[in-house]
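Here is the structure we will look at.
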Protein chains: 2
Amino acid sequence: MKTRIRELRAKTGITQEELARQVGVRRETIVFLEKGKYNPSLKLAYRVARTLGSTIEEVFIFEEEDLA
Amino acid sequence: MKTRIRELRAKTGITQEELARQVGVRRETIVFLEKGKYNPSLKLAYRVARTLGSTIEEVFIFEEEDLA
DNA sequence: ACACCATGTTAGATATACATAACAGGTGCG
DNA sequence: CGCACCTGTTATGTATATCTAACATGGTGT
């Protein structure tokens, strides 16, 4: 699972720590999300997308394997 | 978190068990999702939405409390 | 060189999504 | 009635998302 978190974060000039704070998680969680190491909960994905001024399906990029 | 799983399932005439089979989870998991007892993983939400011919943000209905 | 800031990584603890199995109630149909 | 089908529930186990704390690194500015 790839994401555009880093890209959107850069666009709004917000840091990992600030995003984490606004979303209500730890900074490490944001790091793992950006690197695609987590399959986040739906609510967390929603909060991240909204905080970045976007939608879930725009922030998180699904691949074919995610359907199997 | 509310969902329109049951509604969309009825529209396509598919059973909980069949949805579970196509999505690749147990039927009980679908029951819990329909009742809003689970905060599913993003991938699972994606698979459910796609199997129902819809999108995540159409199937799962977020509330204000989901942002806090 | 030193200090500061953003990012990355690692290890252990906790919460919870999801699996598994088993059982129960309702509905329709022979 | 009896039977198959769909749905709901409960209990226990496992996997993993997330927390917490600590340390490492590269860049930038002074």
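Chain letters run A, B, ... following the sequence lines, proteins first, then strands; residues in each count from 1. Small disclaimer: the values here were computed from a predicted structure and weren't measured. Side-chain atoms are counted along with the backbone in the values below, which use heavy atoms only and exclude waters and symmetry mates.
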Could you go through the salt bridge (charged side-chain N to carboxylate O under 4.0 Å, His left out) check for B/R50 and A/E57 one step at a time? CA-CA 12 Å; B/R50 285 295 180 274; A/E57 310 225 16; 3.0 Å; yes

Please state whether the phosphate of [N], meaning OP1 or OP2, lies under 4.0 angstrom from any side-chain nitrogen or oxygen of [X].
| X | N | value |
| --- | --- | --- |
| A/R27 | C/dT9 | no |
| B/R26 | D/dG8 | no |
| B/T29 | C/dA17 | no |
| B/K37 | D/dG8 | no |
| B/T15 | D/dT7 | yes |
| B/S41 | C/dC18 | yes |

Whole-Å distance separating the [atom1] atom of [X] from the [atom2] atom of [N]:
| X | N | atom1 | atom2 | value |
| --- | --- | --- | --- | --- |
| A/K35 | C/dT10 | NZ | C1' | 14 Å |
| B/K43 | D/dA17 | NZ | C1' | 13 Å |
| B/L33 | D/dG8 | CG | P | 12 Å |
| B/E28 | D/dG8 | CD | C1' | 10 Å |
| B/E34 | D/dC6 | CD | P | 14 Å |
| B/L44 | D/dA17 | CG | P | 13 Å |
| B/L42 | C/dA17 | CG | C1' | 14 Å |
| B/M1 | C/dA17 | CE | C1' | 13 Å |

Would you indicate whether B/E17, at its atom CD, is surrounded by more than 12 heavy atoms from other residues, nucleotides or ligands within a distance under 6.0 Å? no

Residue A/Q16, side-chain atoms from C-beta onward, closest of C/dT7, D/dT20, D/dC19: C/dT7

CA sep, side-chain torsions, deciding dist, call: A/L44, A/L33, side-chain contact (heavy atoms from CB on, under 4.5 Å): CA-CA 10 Å; A/L44 175 54; A/L33 283 184; 4.1 Å; yes

Less than 4.5 Å apart, side chain to side chain, heavy atoms only: is that true for A/V48 and A/T3? no

Taking the side chain as everything from C-beta on, heavy atoms only, tell me whether A/I5 gets closer than 4.5 Å to A/L19. yes

Judged by nearest nucleotide, the residue sitting upstream toward the 5' end of DNA chain D, B/E17 or B/F32, is B/E17

